[in-house]
Protein chains: 2
Amino acid sequence: MVQAQTLSRNQQIVLDIIEKAKGPLKAYSILFNVQKKGINAPQQIYRALDKLIEMGKIHKIESKNAFVACRNSDCEISKATAFSICESCEMVDEISDAKLSKYLSSFNHKKGMKFKRFNLEFFGLCKKCK
Amino acid sequence: MVQAQTLSRNQQIVLDIIEKAKGPLKAYSILFNVQKKGINAPQQIYRALDKLIEMGKIHKIESKNAFVACRNSDCEISKATAFSICESCEMVDEISDAKLSKYLSSFNHKKGMKFKRFNLEFFGLCKKCK
DNA sequence: TAACGTTTGTTATAATATAACATATTTGAG
DNA sequence: CTCAAATATGTTATATTATAACAAACGTTA
């Protein structure tokens with residue numbers, strides 16, 4: 001079972017770094033940042049990332065192979081995620097829009113497939129880069 | 001400029017394989033399949049894939065690092081893509097739903113970002129795997 | 001036909017991710 | 001409490017995905 005509250009040492013270390021970051025972090029950049037804390041191997045990072053994703057504490061931005069903290073209670077355990085991604089400065093913003101989320105969560109494919117989960121990535125230029 | 005019609009030799013070889021495939025193909029699996037045709041290096045595959053994506057002939061399934069042929073004229077040069085992905089058998093189906101596409105294409109983020117493009121991936125179990 | 005852009009070929013390497021195994025720690029049922 | 005099961009850790013090695021850099025060939029088209 002996925003634990004509800006408590007994070008293990010490594011999980012907490014990794015989550016702290018991701019939460020403090022201004023943008024999405026890559027696994028190896030997290031690794032380089034925690035080597036002073038005694039974490040030396042990619043496996044240790046990837047294991048923590050996997051658990052944090054399961055718990056819904058972070059999300060993976062698939063198009064960037066990078067990770068951001070979840071700022072959105074609506075996506076409850078990452079069943080319904082949407083992001084806005086700037087193609088210039090790489091900024092990523094989690095979209096929390098109840099209508100959008102509802103619309104997509106209830107979307108059903110014609111071919112009879114029932115969806116459990118979706119991930120949506122929007123791309124453009126953010127205010128600053130426009 | 002992106003060429004309109006003609007594909008180069010390598011581009012055609014790569015596209016043929018992707019179009020014939022039943023499911024998404026990974027870059028290195030494409031590579032192994034074309035070594036008999038004199039293509040030996042990953043670069044050759046990735047270059048062809050990049051151009052085919054630009055031309056809208058194929059799409060990348062970001063969550064799988066794999067590539068599928070475009071079956072949908074609606075997504076015109078990959079500005080608006082949506083896929084249905086089976087978590088069991090790995091089947092990928094391109095969704096072409098005008099309403100969905102229109103809804104998302106006109107979606108505007110509250111924070112003032114104007115989107116140029118989106119990619120949506122739905123996950124679940126397909127008919128067979130259900 | 002010369003200049004430019006595009007494609008190709010090639011070698012090397014970077015970046016991302018998992019396998020496999022041994023040990024330690026935590027948790028919960030009895 | 002206590003021991004068995006589940007979870008987490010540490011570690012080495014390796015697999016997978018992707019790009020850098022450079023030289024040569026090809027194909028437009030002015």
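Bear in mind that the values here come from a model prediction, so they are computed numbers and not experimental data. Letters A, B, ... mirror the listed sequences (proteins, then strands); counts begin at 1.
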| request: Return the nearest nucleotide to the side chain of A/Asn10; candidates are C/dT18, D/dA18, D/dG10. | output: D/dG10

| request: Identify the two heavy atoms, one from A/Met113 and one from A/Asn108, that lie closest to each other, and give their separation to 0.1 Å. | output: O-OD1, 4.0 Å

| message | Measuring from atom CE of A/Met91 to atom NZ of A/Lys127, what distance do you get when rounded to the nearest 0.5 angstrom? | response | 11.0 Å

| request: Grab the CD-C1' distance between B/Gln44 and C/dA12 for me, whole Å please. | output: 14 Å

| field | N/O (side chain, A/Tyr46) to phosphate O (OP1/OP2, C/dA17) under 4.0 Å | value | yes

| Whole Å only: how far is the CG atom of A/Asp50 from the P atom of D/dT7? | 14 Å

| said: Can you measure B/Leu7 atom CG to C/dT6 atom P for me and round it to whole angstrom units? | reply: 15 Å

| Is there a residue in residues 23-40 of chain B whose heavy atoms reach under 4.0 Å of DNA chain C, and which residues are they? | B/Asn40

| task | Using a cut-off of strictly less than 4.0 Å, decide whether B/Lys51 has a side-chain nitrogen or oxygen near OP1 or OP2 of C/dT7. | result | yes

| Side chains of B/Asn33 and B/Gln35: is there a donor and an acceptor less than 3.5 Å apart? | no

| Would A/Phe122 and B/Phe107 count as a close aromatic pair, with their ring centres under 6.0 Å? | yes

| message | Does B/Lys130 have more than 12 heavy atoms from other residues, nucleotides or ligands lying within 6.0 Å of its NZ? | response | yes

| field | Protein-nucleotide distance (B/Lys60, atom NZ; D/dT19, atom C1'), rounded to Å | value | 12 Å

| Between B/Ser63 and A/Glu62, does any side-chain donor sit less than 3.5 Å from a side-chain acceptor? | no

| Same hydrophobic cluster for A/Ile61 and A/Leu100, using side-chain heavy-atom links shorter than 4.5 Å among ILVMFWY? | no

| query | How long is the line joining CD of A/Glu54 and C1' of D/dT7, in whole Å? | reply | 11 Å

| query | So, are B/Lys116 and A/Glu87 salt-bridged, with charged N and O less than 4.0 Å apart? | reply | yes

| remark: Protein-proximity profile, nucleotides 20-30 of chain D, B/S/- by nucleotide at the 4.0 Å heavy-atom cutoff, equals BB---------

| query | Reckon B/Asn65 has a side-chain N or O less than 4.0 Å from the OP1 or OP2 of D/dT16? | reply | no

| Where is the tightest heavy-atom contact between A/Val14 and A/Leu49, given as atom of each residue plus distance? | CG1-CD2, 3.8 Å

| task | Using whole Å, report how far CD of A/Gln11 lies from P of D/dG10. | result | 12 Å

| Base, sugar-phosphate alone, or nothing: which one does B/Lys64 contact when heavy atoms must sit under 4.0 Å apart? | nothing

| query | Would you say C/dT25 has OP1 or OP2 under 4.0 Å from some side-chain N or O of A/Ser8? | reply | no

